[in-house]
Amino acid sequence: MLHFFCKCSKQAFRGLNYDTEMDKVSLQNMDLSTELIDWYQQNKRDLPWRNTTDAYLIWLSEIILQQTRVEQGMPYYYRFAEKYPTVSHFAKAPEDDILKLWQGLGYYSRGRNMLKTAQLVQQQYNGVFPTTYQELIKLKGIGEYTAAAISSFSANEPRAVVDGNVYRVLARFFGIDEPINSPKGKKLFQQLADEALNRQHPALHNQAMMEFGAMLCKPRNPACGICPVRLGCVAFASNATTALPVKLKTVKVRKRFFNYLLITDGGNLLMNKRGEGDIWANMYDLPLIETDGLMEPEALLQLPEIVDFFGENAVIKQKTTVIKHILTHQQLFIRFVILDVAPLKLKKNWFYTTVRNTENLAMPKTIFIFIKDFFNF
DNA sequence: AAAACGGGGGT
DNA sequence: ACCCCAGTTTT
């Protein structure tokens, strides 16, 4: 336990104040993992995926929780676990069903990758979900974090997880200002996490690190006043908690302008199935005209592409205001235009379905909300 | 090495 | 407005 601090101290403390005699003594007499496990056992939340060692259920929870808050993912976990109690059940599902159940959670490639992985596990592993890091890391949708999480939680394999919480806890406790999202930083923090790992209790250790980061060592307003390891914390000693961890600046977002056409034929609604290579892959929306800038619906109807599909007699029955929909790398300016027209022909991925059936199609949140409100169901 | 990929919540 | 969330894949 002591060797760990000696080994890391030179590298870990560079660049930040760490010079009072009292703190040195406190640090050397404290083991981070032991303290955090102790804290964890007294303060942990009761989360459903913590009460099982079923690798399938743990996988389910870990994929759902990628870049997703526990509170947001929880209802999805329950729904998936109930509908697909084993990986064999999951493997038999149509992609449309998986995406529909995933609707509203975002990062839909997670759902598509899960299906591929479930099918592979069913065929190659006879429906028995792998529990070793080396096998898990090969699977679609499972990276270093998730492989470490599943292998440690389901089989107590000594693998240290490094997620957003762990970055924060380590950066603050050891006073590391290397950016967490640089390749160099990622390597450094993984090494640090590996050395901090309690090899006697890998699962407990990993849970403790993450829970501590999520509940106490929070991004904003961390509860340092009640922190069990504050006396060993470099950031606390140098009043640098708000400055850590360091993260490289984010990319700027692209603006896009989506003009959605709502066209009905009796009780049927004209829908579109999206392709791959763009946001919302393989999901459903409405016929879409993307423009380079904001365009009034009246002008939209003059575009050659529109005339080609709808002729010149399309009538605008109604138009919504522009809705701003924010994604990580894009700002979408969306307007819905309700048309009274019978299309001359249909684009490849366009099809009619009953308004009722739209409830069963996986749609982006904002599209689903609009249709739901428009048809009042 | 950097960009792409959703949606929600906090400040 | 900006940041973050039990990250991974693609370019």
Side-chain angles (χ1 to χ4, degrees), chain A residues 40 44-45 47-50 58-77 99 102-114 116-117 136-150 152-153 159-169 179-187 189-190 193 203 206-215 217-222 242-243 245-254 256 274 276-283 285 324-332 362-369:
Chain A
Y40 172 71
K44 66 177 179 178
R45 292 167 290 183
L47 305 177
W49 46 85
R50 285 181 178 159
I58 292 168
W59 168 68
L60 191 56
S61 71
E62 291 302 337
I63 304 294
I64 286 174
L65 292 174
Q66 286 170 2
Q67 293 292 285
T68 304
R69 289 167 200 280
V70 166
E71 310 81 66
Q72 189 189 1
M74 186 87 78
Y76 287 84
Y77 173 80
L99 288 175
W102 203 271
Q103 177 176 291
L105 198 52
Y107 285 161
Y108 297 95
S109 65
R110 290 183 289 173
R112 291 185 278 118
N113 285 333
M114 280 185 97
K116 291 176 194 158
T117 288
L136 290 163
I137 196 72
K138 298 177 192 165
L139 303 174
K140 278 250 187 308
I142 298 183
E144 288 184 38
Y145 162 77
T146 306
I150 300 174
S152 66
F153 297 154
R159 297 279 181 176
V161 297
V162 183
D163 74 336
N165 295 306
V166 176
Y167 278 123
R168 189 166 53 254
V169 172
I180 61 172
N181 56 344
S182 71
K184 189 179 169 190
K186 285 181 184 172
K187 207 167 297 176
F189 280 96
Q190 182 68 60
N206 282 336
Q207 294 283 13
M209 290 284 290
M210 291 195 285
E211 187 77 340
F212 178 76
M215 305 297 290
C217 195
K218 298 175 293 182
R220 247 61 64 93
N221 304 325
T242 58
V246 174
K247 201 170 183 179
L248 262 32
K249 65 175 183 293
T250 58
V251 298
K252 67 172 185 180
V253 301
R254 176 161 66 122
R256 298 177 73 179
R274 299 179 62 81
E276 309 210 2
D278 197 358
I279 57 172
W280 304 328
N282 294 3
M283 297 177 74
D285 59 1
K324 191 171 173 183
H325 188 73
I326 308 292
L327 308 180
T328 303
H329 291 81
Q330 301 183 18
Q331 289 182 1
L332 305 182
M363 286 183 264
K365 191 87 167 179
T366 184
I367 310 299
F368 185 72
I369 298 284

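Because the structure is predicted, anything quoted here is derived from the model rather than measured. Just so it is clear: chains get the letters A, B, ... in the order the sequence lines come, proteins before strands, and each one is counted from 1.
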Between C:dC5 and A:Q67, is there an OP1 or OP2 to side-chain N/O distance shorter than 4.0 Å?
no
Base, sugar-phosphate, or nothing for A:D278, non-hydrogen atoms under 4.0 angstrom?
sugar-phosphate
Check every strand shown and say whether A:I142 touches a base, only sugar-phosphate, or nothing at a heavy-atom separation below 4.0 Å.
sugar-phosphate
Could you tell me whether the phosphate oxygens of B:dG6, OP1 or OP2, come under 4.0 Å of any side-chain nitrogen or oxygen in A:R110?
no
Using atom P of each nucleotide, how far apart are C:dA6 and B:dA3 to the nearest Å?
25 Å
Could you let me know what B:dG6 is paired to, Watson-Crick or G-U wobble, both distances under 3.5 Å, or none if it's on its own?
none
Pair A:R256 + A:D278, salt bridge at N-O below 4.0 Å:
yes
With side chain to side chain donor-acceptor pair (under 3.5 Å) as the test, would you mind laying out the steps for A:R220 and A:T242 before giving the verdict?
CA-CA 7 Å; A:R220 247 61 64 93; A:T242 58; over 6 Å; no
Nearest-Å distance for atom pair CZ/P, residues A:R256 and B:dC5:
7 Å
With a 4.5 Å heavy-atom cut-off, do A:M283 and A:M363 have their side chains touching?
no
C1' spacing across the pair B:dG6 / C:dC3, given as an integer number of angstrom
16 Å
When we call it a touch if two heavy atoms are under 4.0 Å apart, what does A:R50 touch: a base, just sugar-phosphate, or nothing?
base
Between A:Y108 and B:dG7, is there a side-chain N or O to OP1/OP2 distance below 4.0 Å?
yes
Calculate the interatomic distance between A:H329 atom NE2 and C:dT8 atom P; express it in whole Å.
16 Å
Can you tell me if the side-chain N/O atoms of A:W280 get under 4.0 Å from OP1 or OP2 in B:dG7?
yes
Of A:K186 and A:P219, the one whose nearest nucleotide on DNA chain C sits closer to the 5' end is A:P219
So what does A:G106 hit on the nucleic acid, given a heavy-atom distance under 4.0 Å: a base, only sugar-phosphate, or nothing?
base
Does the A:N206 side chain pair with the main chain of A:R159, one donor and one acceptor, at a distance under 3.5 Å?
yes
For a quick check of understanding: with a heavy-atom distance under 4.0 Å over all strands, which category does A:I137 fall into, base, sugar-phosphate or nothing?
nothing
Using atom names, set out every protein N or O paired with an N or O of nucleotides 8-11 of chain B below 3.5 Å, distance rounded to 0.1 Å.
from  : atom 1 : to     : atom 2 : distance (Å)
B:dG8 : OP1    : A:K365 : NZ     : 3.4
B:dG8 : N2     : A:R69  : NE     : 3.1
B:dG8 : N2     : A:R69  : NH2    : 2.7

Whichever of A:V162 and A:K247 has its nearest DNA chain C nucleotide further upstream toward 5':
A:K247
Can you see which heavy atom on A:Q190 is nearest to which on A:V162, and at what distance?
OE1-CG2, 3.4 Å
Centroid separation A:Y77 to A:W49 less than 6.0 Å:
yes
Ranking A:T328 and A:S182 by the position along DNA chain B of their nearest nucleotide, the one closer to 5' is A:S182
Between C:dT9 and B:dG8, how far apart are the C1' atoms? Round to whole Å, please.
23 Å
Starting at NZ of A:K140 and ending at C1' of C:dT9, how long is that distance when rounded to a whole Å?
9 Å
Ignoring backbone atoms, test whether A:T146 places a side-chain nitrogen or oxygen under 4.0 Å from the OP1 or OP2 oxygen of C:dT8.
yes
Rounded to whole angstrom units, what separation is found between the CG atom of A:L65 and the C1' atom of C:dA6?
5 Å
Looking at A:R50 and A:E211, does any basic side-chain N land under 4.0 Å from a carboxylate oxygen?
yes
Interatomic distance, A:I369 CD1 vs B:dG7 C1' [rounded to whole Å]
11 Å
Between C:dC4 atom P and A:R168 atom CZ, what is the distance in whole Å?
9 Å
Of A:A281 and A:P183, the one whose nearest nucleotide on DNA chain B sits closer to the 5' end is A:P183
Is it the case that atom CD in A:E144 sees more than 12 heavy atoms from other parts of the structure closer than 6.0 Å?
no
Across the strands shown, which category fits A:S109 at heavy-atom distances under 4.0 angstrom: base, sugar-phosphate, nothing?
nothing
Provide, to the nearest angstrom, the distance between the CD atom belonging to A:Q66 and the P atom belonging to C:dC4.
19 Å
Walk me through it: do A:E62 and A:Y145 pass the test side chain to side chain donor-acceptor pair (under 3.5 Å)?
CA-CA 9 Å; A:E62 291 302 337; A:Y145 162 77; 2.7 Å; yes
Rounded distance (Å) that lies between atom P of B:dG6 and atom CZ of A:F368
18 Å
Over all strands shown, is A:W102 touching base, sugar-phosphate only, or nothing at heavy-atom distances under 4.0 angstrom?
nothing
